[in-house]
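Input: a single structure, listed below in structure tokens.
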Amino acid sequence: MTTSFDQLGVPRKLVGALAQRGITEPFPIQAATIAEAMAGRDLCGRAPTGSGKTLAFSLPLAARVGRAEPRRPRGLVLLPTRELAAQVAAELTPLAQAAGRRVATFYGGTSLGRDQQRLRRGVDLAIACPGRLADLVGRGDADLSDVEVVVLDEADRMADMGFLPEVRRLLDTTPKQRQTLLFSATLDGDVDVLIRRYQRDPVRHELAEDPAEQGEVRHYFWHAEPSERVALTRDVVAHASSAIVFTRTKHAADRVAKQLNRRGVASAAIHGNRSQNQRQRALAAFSSGEVAALVATDVAARGIHVDDVGVVVHFDPAATEKDYVHRSGRTGRAGADGLVVTLVAPDKVADVKGLQRALRLRERIGTAAPGELAASAVR
Ligand code: ADP
Ligand code: MG
């Protein structure tokens with residue numbers, strides 16, 4: 001018997017809001033954490049990408065925080081990227097609405113005046129990237145001393161991206177007795193410092209990859225001359241409904257997107273030199289299926305969640321094992337199957353073999369055969 005959201009202590013109206021989106025049974029990380037989080041305990045959770053961490057913290061957040069005074073949010077989600085902020089907002093907003101709470105996102109590259117205005121009107125739940133929020137706090141537009149619940153989402157990425165000093169300064173301005181929920185792909189190193197310093201007797205939940213839940217991911221490694229890569233990528237995308245294509249540089253991302261478009265694959269680039277508007281438009285076009293391939297750099301892709309990515313293409317091989325895992329985690333999420341293709345130029349063979357050894361991926365680097373993907377392609 002699986003538990004229901006009801007049994008985990010989720011209020012009726014929130015259970016109703018979930019049911020409206022067809023969500024009726026908690027995923028394992030949710031079943032493991034929601035009851036304790038609802039009871040007010042601190043918790044730190046580690047679980048694979050796509051396992052449902054967002055709802056695991058969104059439900060307690062929507063259920064537990066009160067109505068805010070102007071400029072004084074009651075709940076706070078800190079996360080590393082704008083894209084992730086938008087995605088968390090999409091999951092949290094319907095729940096907050098059911099609970100009568102107002103949500104707003106705060107991140108750089110958007111109008112400061114609009115943020116100030118929203119805070120003056122009152123924001124119960126703030127979803128924020130550390131830099132912009134610190135800016136608003138510094139200007140006196142936001143005050144964190146009424147915060148009851150803080151969520152640190154993708155804490156390991158915030159650490160990787162150098163945000164921890166800012167995160168700590170922000171946490172230091174919240175009340176000591178706040179509840180702190182932390183989610184991260186790893187709980188060691190810098191993240192462990194956060195846990196020890198900012199959590200009180202946290203419940204720890206570490207969920208390993210569950211092969212049954214995970215969906216099957218197939219990894220392919222193909223020899224490819226640099227000049228063949230665009231045509232191969234086009235053929236790969238033709239076998240999957242959607243693709244994320246990774247390049248090493250921003251310049252390459254733009255170029256590859258352009259070349260794919262020219263070859264009839266609707267594509268958009270997403271990287272740090274594009275404006276906030278361009279990034280959001282690209283992401284929305286990809287989510288809606290209008291664009292089949294999103295061409296991204298590693299930094300731009302951090303924290304992005306798009307469902308049902310049929311294939312991940314490493315147009316340029318990942319620089320590190322961590323990047324390989326993170327890039328490839330865009331496919332095979334939430335129980336769907338996935339495909340991962342790495343294009344290996346002659347001068348990259350040694351690097352890729354090193355990557356394979358480190359990751360215990362035993363697939364040979366073989367001749368490119370996009371036709372083979374059809375046999376294993378996702379339903
Ligand atoms: P992550 O653990 O990587 O943060 P997400 O929270 O983004 O994963 O969830 C992955 C996907 O699974 C989302 O599209 C989300 O709406 C969906 N999801 C989460 N919980 C459930 C559930 N209990 N039932 C069905 N779908 C769910
Ligand atoms: Mg997440």
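Every number for a ligand or one of its atoms is a count from 1 in the order of the listing. Along the sequence shown, the residues carry numbers beginning at 1.
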Taking 4.0 angstrom as the limit and counting only heavy atoms of [X], give me the atoms of ligand 1 inside it, by number and element.
{"X": "L55", "value": "20 (N)"}
{"X": "E91", "value": "13 (C), 15 (C), 16 (O)"}
{"X": "S51", "value": "1 (P), 2 (O), 8 (O)"}
{"X": "T54", "value": "4 (O), 5 (P), 6 (O), 7 (O)"}
{"X": "E25", "value": "22 (C), 23 (N), 24 (N)"}
{"X": "G52", "value": "1 (P), 2 (O), 5 (P), 6 (O), 8 (O), 9 (O), 19 (C)"}

Test your reading of the structure: does G50 have an N or O sitting under 3.5 Å from an N or O of ligand 1? yes

Return a yes/no value for F5: is any of its N or O atoms, backbone included, closer than 3.5 angstrom to an N or O of ligand 1? no

Does the distance from a Lys or Arg side-chain N to an Asp or Glu carboxylate O, for D192 and R196, drop under 4.0 Å? yes

Run through L8, I23, D6, L59 and flag the one making a side chain to side chain contact (heavy atoms under 4.5 Å, CB included) with V15. D6

Answer side chain, backbone, both or neither: which part of P26 comes under 4.0 Å from ligand 1, heavy atoms only. backbone

Backbone, side chain, both or neither: what part of Q87 comes under 4.0 angstrom of ligand 1, heavy atoms only? neither

Tell me whether R114 forms a cation-pi arrangement with F106, defined as NZ or CZ under 6.0 Å from the six-membered ring centre and within 45 degrees of its axis. no

Measuring from atom CG of L170 to atom CG of L144, what distance do you get when rounded to the nearest 0.5 angstrom? 6.0 Å

Within the side chain of R118, is there an N or O that forms a donor-acceptor pair under 3.5 Å with the backbone of T105? yes

Using the ring of each side chain (for Trp, its six-membered ring), is F221 parallel, tilted or perpendicular to Y324, with breaks at 30° and 60°? parallel

For residues 50-76, pull every pair meeting salt bridge (Lys or Arg N to Asp or Glu O under 4.0 Å), keeping only residues two or more places apart or in separate chains. R67-D124, R72-D143, R72-D146, R74-E148

